[in-house]
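Just so it is clear: chains get the letters A, B, ... in the order the sequence lines come, proteins before strands, and each one is counted from 1. All values reported here derive from a predicted model rather than from experimental measurement.
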There are 2 protein chains.
Amino acid sequence: MSQRQIYFDLLGELEKATGKETESLFGRIQEYFGIRHQSYMNISLSSGRQNALDMLNTFPEDLVQHYIDNDLHLVDPIAQAALTGITPVDWQAYINNKNAQKLFAIASTFGVSATGMTIPLLCRGNQAAYFAIDVGVAVSEWPQYRRAHIGEMQVLATYLHAARQEMAQDLPDADLTAREAEVLKWTAAGKSYWEISMILGISERTVRFFMTNARKKLGVVTNSQAVAQAVLRGMIPL
Amino acid sequence: MSQRQIYFDLLGELEKATGKETESLFGRIQEYFGIRHQSYMNISLSSGRQNALDMLNTFPEDLVQHYIDNDLHLVDPIAQAALTGITPVDWQAYINNKNAQKLFAIASTFGVSATGMTIPLLCRGNQAAYFAIDVGVAVSEWPQYRRAHIGEMQVLATYLHAARQEMAQDLPDADLTAREAEVLKWTAAGKSYWEISMILGISERTVRFFMTNARKKLGVVTNSQAVAQAVLRGMIPL
DNA sequence: GTAAATACTGTCACTACTGACAGTACCACA
DNA sequence: TGTGGTACTGTCAGTAGTGACAGTATTTAC
C-alpha cells in the first residue's frame with residue numbers, strides 16, 4: 001500500500017472517528033509520519049490559569065512533568081506563538097530565541113530534537129488547542145520535509161481535534177449575575193468603583209460587593225485578572 | 001515546473017506575504033487548483049451582528065449581492081457549519097439538505113456548482129473566517145479530488161488568512177515593547193507589581209514604569225482597562 | 001414556608017496602584 | 001556628537017482596590 005493510500009485511509013477513519021477510537025488513530029499518525037514524539041493538547045482559557053482539558057501525548061513523561069511542574073508554557077515562546085497565532089509554528093524559527101534555546105537544551109536531554117512544529121487548531125468557545133510534533137530529521141532536510149508534509153499534518157491534526165471534541169468538555173460557565181457583568185464591563189472600561197457607583201446610581205460599597213462576587217465566581221484575585229477572563233470569555237460587550 | 005513545485009512556491013510566498021500582496025496570491029491559488037470560484041471571508045462577531053471585516057472573492061458579483069441582500073448566510077447551513085465547526089465542510093454532504101438545495105439552485109443559475117468546500121479558519125479575538133471554494137469537478141470525481149487536495153487547500157488558506165490579518169483589524173496596534181507586553185501579561189494573570197518584580201527579577205518601580213508606558217500607549221487610565229484592551233487586541237499570550 | 005439567590009449598604013485596616021518629580025545606562029542611527 | 005528609544009531605578013503623596021467583619025430587603029425555587 002502506498003504512503004499516499006495510508007494517508008487517505010487514515011483521513012477517512014479520522015473523519016468518522018469519535019472519542020476513544022482516536023487514541024489508536026493518534027498512534028497511527030505517528031507511525032505514518034515516522035514522527036518521534038507528538039502531542040495533542042486542548043486547553044481551557046476559562047479559569048484563571050490555563051487548564052488542560054484533553055491531552056494525547058508521546059513525549060517523554062519526565063519531560064512533560066518537568067514542563068508542567070515549572071510552568072514552562074508561560075516561558076515557552078513556541079507554545080505562546082501557537083496559542084496566539086494562526087499558522088503552524090516552525091520550531092527552527094526560534095533557534096535564536098533565548099527562552100527557546102533553554103527549552104531546546106532541556107528537551108534534548110530527553111531526546112527531543114529542535115526540528116518540529118506546533119500547529120494551532122481551531123477551537124470554538126473559550127479554548128485553544130495545538131498539535132505539536134517532534135519530527136527529528138536533520139536540520140538541513142527539515143525545510144523540505146516541512147513544506148512537503150505540512151498539509152497532511154494540518155489536515156490530520158484538524159480531524160483528530162474534531163474527533164476529540166467530546167473529550168474536552170470545558171468547565172461550566174461562571175454565570176455572573178447581570179449586575180456583576182455590568183460592573184465588570186465598566187471596570188474594563190477604566191472606571192473606578194466610585195465612578196461606577198455614580199453611573200449605576202448605587203453606593204460604592206455595592207459596586208465593590210458585585211466585583212468581589214465576580215472575582216470569586218471567576219476564580220481570580222484581582223480586577224485586572226477578572227477583566228482578562230471576562231474579555232476572553234466574551235462576557236464584555238465589545 | 002511541476003504542480004508540486006508551484007504549490008511550494010505559492011506557500012513560500014504566502015508565508016512571507018502581508019497586506020495588498022495577498023491579492024495576487026489569491027488569484028494564483030485559484031489558478032493553481034483550477035478552481036472556478038473562491039471566497040475568503042473574515043467576519044467580526046463583536047457587536048451582536050456579524051459584520052464583514054475583510055473579503056476576497058471571485059464568485060459572480062450578482063450572486064454575492066443576492067446572497068448579502070437576502071441575508072442568506074442566516075439560512076445557509078454550509079456557512080453556519082463553517083462558522084461553528086472545526087473541520088472543512090464538504091458541500092456535497094449537504095446535497096439532501098433542503099435549505100442547501102435552494103441555495104445550490106440559486107447558485108447554479110450563476111454557474112456555481114455543488115462540488116466544493118468551505119474551510120473554517122482559526123481566528124484570534126472575536127472573529128470568524130472561512131475560505132470557500134467551488135471546484136466544479138464532476139460529482140463522481142469529487143471525493144477523490146477532495147481527499148487529494150484538502151491538505152494543500154487548508155494550508156494555503158491558513159497562510160492567506162494569516163497574511164490578511166492586518167486587513168481585518170477591529171482595533172489599531174499599540175506597539176508595546178517586549179517588556180511592556182510581558183508586564184501586562186502578568187498583570188492579566190493576577191500578579192501584583194511586587195510579584196511581577198520577583199518573577200522578572202527587576203525592581204517594583206521598573207514594573208510600574210513599564211505598566212505606565214503600556215497604559216499611555218493603549219490610551220487608558222487603569223491596569224484593568226489596559227488588560228481589557230490587550231486581551232481584545234490579542235496582545236496577551238494567555 | 002423555608003432556603004437560596006440576588007440586590008443592596010456600612011465600616012475598618014491594609015495593600016496595591018497611580019501620577020509626578022526625579023534620575024542613569026545602553027544602543028542604534030543620522 | 002547628538003537624538004531618540006529602550007531598560008532600568010528612587011521617593012512622595014494621594015487614590016483605588018481588597019478582605020473581613022457586619023447587615024436588610026426582595027425574589028425565586030422546592
Query raised in the report: Counting side-chain heavy atoms from CB outward, which of D:dC8, D:dT6, C:dT6 is closest to B:Lys217?
Result: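 So the side chain of B:Lys217 is nearest to D:dT6.
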[X] vs [N]: side-chain N/O to OP1/OP2 distance below 4.0 Å:
{"X": "B:Tyr193", "N": "C:dT15", "answer": "no"}
{"X": "B:Thr206", "N": "D:dC8", "answer": "no"}
{"X": "A:Thr177", "N": "C:dA7", "answer": "yes"}
{"X": "A:Asn213", "N": "C:dT6", "answer": "no"}
{"X": "A:Asn223", "N": "D:dA16", "answer": "no"}

Notebook entry, point to check: Passes side chain to side chain donor-acceptor pair (under 3.5 Å), A:Trp91 versus A:Asp134? Steps please.
Noted result: CA-CA 9 Å; A:Trp91 295 0; A:Asp134 167 28; over 6 Å; no
- Is the side chain of B:Thr58 donor-acceptor paired with the backbone N or O of B:Gln38 at a distance under 3.5 Å, no angle test? yes
Under 3.5 Å, side chain of A:Gln127 to main-chain N/O of A:Ile43, donor-acceptor pair present?
no
Practice prompt. Write down the distance between CD (B:Gln225) and P (D:dT15), rounded to a whole number of angstrom.
Written response: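 Distance, rounded to whole Å: 20 Å.
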Figure out the CZ/P separation between B:Phe210 and C:dT18, and round it to whole Å.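 Taking CZ of B:Phe210 and P of C:dT18, I get 16 Å after rounding.
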When we call it a touch if two heavy atoms are under 4.0 Å apart, what does A:Thr212 touch: a base, just sugar-phosphate, or nothing?
nothing
If you draw a 6.0 Å radius around CH2 in A:Trp186, do more than 12 non-hydrogen atoms from other residues or ligands fall strictly inside? no
| query | Would you find more than 12 non-hydrogen atoms of other residues, nucleotides or ligands less than 6.0 Å from B:Gln5 atom CD? | reply | yes
Task: B:Arg179 bridged to B:Glu182 by N-O distance under 4.0 Å - done: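 Looking at B:Glu182 together with B:Arg179, the answer is yes, because their closest N to O distance falls below 4.0 Å.
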Quick one: which protein N/O atoms are closer than 3.5 Å to N/O atoms of nucleotides 20-28 of chain D? Pair and distance per line, please.
| unit_1 | atom_1 | unit_2 | atom_2 | d |
| --- | --- | --- | --- | --- |
| D:dA20 | N6 | A:Arg208 | NH2 | 3.3 |

request  = For B:Arg179 and for B:Thr222, locate the closest nucleotide of DNA chain D by heavy-atom distance; then report the residue assigned to the nucleotide nearer the 5' terminus.
outcome  =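 Final value for this comparison: B:Arg179.
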